[in-house]
Each structure stands twice: as C-alpha cells, then as structure tokens.
Amino acid sequence: MAVFHEKKYRKKKKMAPESEVIELIENICDKKTFENYGLKQMGGINRLSGPGTEAEEEPGMMQGGGKWPNRLAMMCGEIAGELDEYDMYKAVVEDGPEKLFQLICQDNENSVLAGCMEKQMKDEL
C-alpha cells in the first residue's frame, strides 16, 4: 500500500496514480498510525518522538498513548485537508522530505499551517 516506495513506481521513476495517493494519505491519517508516537523532552524542549523522528533514538521517557494518537491523527487530517494530497506526494518524490516540510510549515500562503515551526508553537507541545 505504501505508494511512495512501491517498486513499480520507484524503478521507472513513474508517478503513482492520484487515486492511490489519495487513498494512501487517507489511511495514513488514521489514529492507529500514531499509536507509537508521543512527547519526549530533549534539552528542555518537548519533541515529537516515534518512528522516523529524530527523538526516537534519543534516550529518555516518552509520554505517549492517551490523547496523542487522536491529536496527531487530527493534525494529519488538517494538513491533508489544507494541502492537495498529490502535491504532497510530488514534493516527496521529486524533491524529498524537505520540500514537504516547506509546504507544510513554511508556506505563508497556507493560513492554517504558516509558521508551524516557530519557537512558541514548538514550546507549546
């Protein structure tokens, strides 16, 4: 199901059909996806920790479970609702994860998401 990594698309550098991408992103934004995520304090700052994050490998206690899977699933749904699923996919496939970060957090035209990595917002987590 992971369209981003399926061999048939990777080998030929062929883009996945938009319908598969939309289905994938809808499935990603399910709370089950985020069951292993939570907060971990690193250097006095709360960081998101879980598979694929920098904080995952850092030592320390993680505050997970409870409301976090639902919160993260809601945030994922908001991002998917604000941005076009296929644009997100193209950003990752063509330019890498940094472009997706730019679309989500640094594009000032997206009023809901603009500046999502500002210090005050990171500290609120």
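Taking both residues in full, the closest heavy atoms of C29 and G77 are given as SG-N, 3.7 Å, listed atom of the first, atom of the second, then distance. The shortest non-hydrogen separation linking I28 to T33 is O-OG1, 2.8 Å. Looking at every heavy atom in both residues, Y86 comes nearest to P17 through CE1-C, 4.1 Å. Minimum heavy-atom separation, A16 to V21: CB-CG2, 4.1 Å. Of all non-hydrogen atoms in A80 and I25, the two that sit nearest each other are CB-CG2, 3.8 Å. Across all their heavy atoms, W68 and Q63 have their closest contact at CD1-O, 3.8 Å.
Atom CD of E78 sits about 11.5 Å away from atom CG of L83, to the nearest 0.5 Å. Separation of atoms CE (M42) and CG (N46) is listed at 11.0 Å; rounding is to 0.5 Å. For the atom pair NZ of K31 and CG of N70, the computed distance is 4.5 Å after rounding to the nearest 0.5 Å. The CG atom of N36 sits 6.5 Å away from the CE atom of M62 when rounded to the nearest 0.5 Å.
For the pair N27 and E23, the minimum side-chain heavy-atom distance is below 4.5 Å. For the pair M15/E94, a side-chain contact is recorded, criterion being any heavy-atom separation below 4.5 Å from C-beta on. Put simply, the side chain of K90 does not reach to within 4.5 Å of the side chain of V93, judged on heavy atoms. Put simply, the side chain of K32 does not reach to within 4.5 Å of the side chain of P69, judged on heavy atoms. Contact of the T53 side chain with the Y37 side chain is registered, since non-hydrogen atoms from C-beta on lie closer than 4.5 Å.
Counting non-hydrogen atoms of other residues, nucleotides and ligands closer than 6.0 Å to CE of M74 gives a total of 12 or fewer. Open room surrounds CD on E54; 12 or fewer heavy atoms of other groups in view lie less than 6.0 Å from it.
Both F34 and M75 are assigned to one and the same hydrophobic cluster, defined by single-linkage of ILVMFWY side chains at heavy-atom distances under 4.5 Å. The hydrophobic clustering, which links ILVMFWY residues whose side-chain heavy atoms are closer than 4.5 Å, places V92 and Y89 together.
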I79 and M88: CA distance, side-chain angles, deciding distance, side chain to side chain contact (heavy atoms under 4.5 Å, CB included) verdict: CA-CA 10 Å; I79 292 168; M88 290 189 288; 4.1 Å; yes
